[in-house]
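Before any comments, here is the structure.
Keep in mind that the numbers below use all heavy atoms, side chains included, and drop hydrogens, waters and symmetry copies.
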Amino acid sequence: MSTSRYARHKRTTLAIATAVAAGALLTTGLTSGSSVAADSSSAGKPALAAAPVLLTAPARAALIKEQQADATGTADEIGLGEEEKLVVKDVVKDADGTVHTRYERTYAGLPVLGGDLVVHESKSGATKGVTRATKAKLKVDSLKPAVTAAKAEKQAVTLAKAAGSEKTEANSAPRKVIWAADGKPTLAYETVVGGLQEDGTPNELHVVTDAATGKKLYEYQGIETGTGNTTYSGKVTLSTTKSGSSYNLTDGTRGGHKTYNLNRGTSGTGTLFSGSDDVWGTGNPSNLETAAADAHYGAQVTWDFYKSTFGRSGIRNDGKAAYSRVHYGNAYVNAFWSDSCFCMTYGDGSGNTHPLTSLDVAAHEMSHGLTSATAGLNYSGESGGLNEATSDIFGAGAEFFAGNSSDVGDYLIGEEIDINGDGSPLRYMDKPSKDGSSKDSWSSSLGGVDVHYSSGPANHFFYLLSEGSGSKTINGVTYNSPTSNGSTVTGIGRTKALQIWYKALTTYMTSTTKYAQARTATLNAASALYGASSTEYKAVAAAWSAVNVG
């Protein structure tokens, strides 16, 4: 049931890690070389009262059922109106018994976009607080639209075509929703447009249209574009399954993750990789099994990273795996996550010779699924930048966790896939502006920047929180991280920084979180984990100030 294979990659444009959610990569282990990276915390299993505990699938399902049964009472207790109802999306239970329940909201039976919230309850069941995506009172004057659904659909399709989409049409009829993500709650239509984006990435453009005026209120892209012989990670052990006399790339130990061959196609699931032996790939991308070995290994490592570090069993924390598809399209230079298929998909890069299946890219894409299953950060504006940064942060975390000598842990994103053709990475966490487009610090114009570049301040924050400012060498890579305010920041170690970001994401962030709220969320997380007067809390504040947030 276990086997080994090998592979390795490089890449050229920011489009890789956006999610089809989705998210894509492009514009779309302990560190031995750092004095702060290997801190005294136990990596993966911190003995902290506010750290999440690993729930079995039945225990999690029972807790969700219990919270849903109490949803009406919870809605009354936190002051929601008669037309509002709560639907449980996720639950997190801490070691001290605190339960954080994430809810979606409906109004008169309609989904409320931007109405999500998290209720924090003590072990005794007392409500300790509520984190809301919007503080606006949910009330609309009329539930009768003045604009037809057909007009909303036409607007959405036109916008997609203007952005270069091909084979463009609405995936289904527009649905009525309440738009509450910014300003006054409004009756609206949400239209999802399919087809293909300009670079061949699947299209899942969400357009929200005011049902009274026909004005576009919001749009975002749902596809989020960050023994095996692999291209990038060398010879690795893969978990596979034997069926009769043949083997296939099904990981029965990690939720049933499967790796499929799209064979240059752009739709469907593809064909499950199988063979007469349990050796996958040659290390050369010309062998189709090689990219499969990389992708399968990446999913395997990321699953283990989540479980060991955060006590999380899979993307949705339900013990069930997503699946991977490789060899998407012809010379497709990107990778993406899609909520609709609950899967990661990888192109083979320029000339079909540089698959986008390196470990940090695989972890990046899988982490788009994690964000979707938790905070659901809107993939646009500042929240979109935080979404992308989350995938970069956990991508780096998984790479360090793997401890693979062929692809050592670093704070560089996509360095193996050589998208730029000159050996440079896609993104630099210590100084994001080194890629020529990302931002080192926050400014009032950040929300108008592509989400792969507006991720810069959060990536920079995480590096500073982990390692501190100034020049240093970690695992053979030299970094020199500046601060926007000229301060000197002392890092607390990557182990603690990861715990803080994860708790903030899963407990204190919502779909509408922007940078100012991200500062508050991480401070809340640091306070819960380490105390409001702790060194860790002060370091979070200092690192955000160093990137001009707060």
Side-chain angles (χ1 to χ4, degrees), residues 19 21-23 78 80-81 83-87 89-90 102-119 130-141 143 145 147 152 155-156 159 174-193 204-224 339 368 371-390 444 446-451 454-455 458 504-505 508-521:
I78 65 175
L80 301 189
E83 295 284 356
E84 300 175 61
K85 295 186 183 303
L86 294 173
V87 180
K89 178 181 178 181
D90 192 22
R102 186 176 295 275
Y103 296 94
E104 302 288 2
R105 204 172 354 167
T106 64
Y107 179 87
L110 299 177
V112 180
L113 305 185
D116 50 302
L117 52 87
V118 183
V119 177
V130 183
T131 301
R132 303 172 187 261
T134 179
K135 294 181 180 179
K137 184 177 181 180
L138 257 188
K139 184 177 181 181
V140 295
D141 296 331
L143 294 175
V147 172
Q155 178 193 66
L159 286 168
R175 66 170 184 164
K176 283 199 298 183
V177 299
I178 303 298
W179 174 248
D182 56 49
K184 180 182 178 182
T186 304
L187 180 68
Y189 290 106
E190 181 190 31
T191 308
V192 182
V193 182
E204 197 175 285
L205 183 69
H206 294 243
V207 179
V208 180
T209 305
D210 190 317
T213 66
K215 177 185 176 183
K216 184 190 80 173
L217 297 172
Y218 191 77
E219 69 173 275
Y220 73 93
Q221 182 55 249
I223 297 292
E224 297 160 21
D339 272 353
H368 274 303
T371 298
S372 178
T374 56
L377 289 160
N378 290 332
Y379 204 63
S380 180
E382 290 190 23
S383 60
L386 291 166
N387 187 318
E388 273 296 314
T390 296
S444 59
L446 191 68
V449 176
D450 181 277
V451 295
S454 63
S455 65
L505 177 77
Y508 299 114
M509 290 187 188
T510 69
S511 61
T512 62
T513 296
K514 297 181 180 180
Y515 269 88
Q517 290 78 41
R519 176 186 170 109
T520 300

*Show your working on side-chain contact (heavy atoms from CB on, under 4.5 Å) between L138 and V112 and close with a plain yes or no.*
CA-CA 9 Å; L138 257 188; V112 180; 3.8 Å; yes
Could you give the distance from [atom1] ([X]) to [atom2] ([Y]), rounded to the nearest 0.5 Å?
X    : Y    : atom1 : atom2 : answer
K137 : E84  : NZ    : CD    : 9.0 Å
E104 : T106 : CD    : OG1   : 10.5 Å
T513 : D116 : OG1   : CG    : 8.0 Å
T520 : M509 : OG1   : CE    : 10.0 Å
T209 : E219 : OG1   : CD    : 10.0 Å
T186 : D210 : OG1   : CG    : 5.5 Å

*Please assess V192 against L205 for the test side-chain contact (heavy atoms from CB on, under 4.5 Å), listing each intermediate value before the final yes or no.*
CA-CA 5 Å; V192 182; L205 183 69; over 6 Å; no
Note, [X] side chain near [Y] side chain (heavy atom, < 4.5 Å):
X    : Y    : answer
N378 : T512 : yes
V87  : Y103 : no
E190 : K176 : no
I178 : P111 : no
T131 : L117 : no
K216 : L159 : yes
Q221 : V193 : no
V208 : T191 : no

Which heavy-atom pair separates [X] from [Y] by the least distance, and what is that distance?
X    : Y    : result
A375 : L505 : CB-O, 3.4 Å
W179 : A188 : CB-CB, 4.1 Å
S454 : Y515 : O-OH, 2.6 Å
G114 : S511 : CA-OG, 3.8 Å
L377 : N387 : O-ND2, 3.0 Å
R102 : T510 : NH1-CA, 4.0 Å

*asked:* Parallel, tilted or perpendicular: which one describes the rings of Y220 and H206, with boundaries at 30° and 60°?
replied: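 It falls in the parallel class, under 30°.
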_Hydrogens and angles aside, do Y508 and Q517 bring a side-chain donor and acceptor to less than 3.5 Å of each other?_
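The criterion, which ignores hydrogens and geometry beyond distance, is not satisfied for Q517 and Y508.
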*Would you say the side-chain atoms of D339 and S372 include a donor-acceptor pair closer than 3.5 Å?*
yes
*Report the C-alpha separation of K184 and D141 in whole Å, then their side-chain angles, then the decisive distance to 0.1 Å, and conclude whether the side-chain contact (heavy atoms from CB on, under 4.5 Å) test is met.*
CA-CA 11 Å; K184 180 182 178 182; D141 296 331; 3.8 Å; yes
*Flag yes if more than 12 heavy atoms outside K514 fall under 6.0 Å of its NZ atom; otherwise flag no.*
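No, NZ of K514 has 12 or fewer neighbouring heavy atoms, counting only those of other groups under 6.0 Å.
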_Y189 side chain to V147 backbone, donor-acceptor under 3.5 Å_ = yes
*Indicate yes or no for a side-chain donor-acceptor contact from Q155 to the backbone of G214 under 3.5 Å, with no hydrogens or angles considered.*
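Yes, Q155 side chain to G214 backbone: donor-acceptor pair under 3.5 Å.
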*Yes or no on side-chain contact (heavy atoms from CB on, under 4.5 Å) for E388 and L386, after CA distance, side-chain angles and deciding distance?*
CA-CA 5 Å; E388 273 296 314; L386 291 166; over 6 Å; no
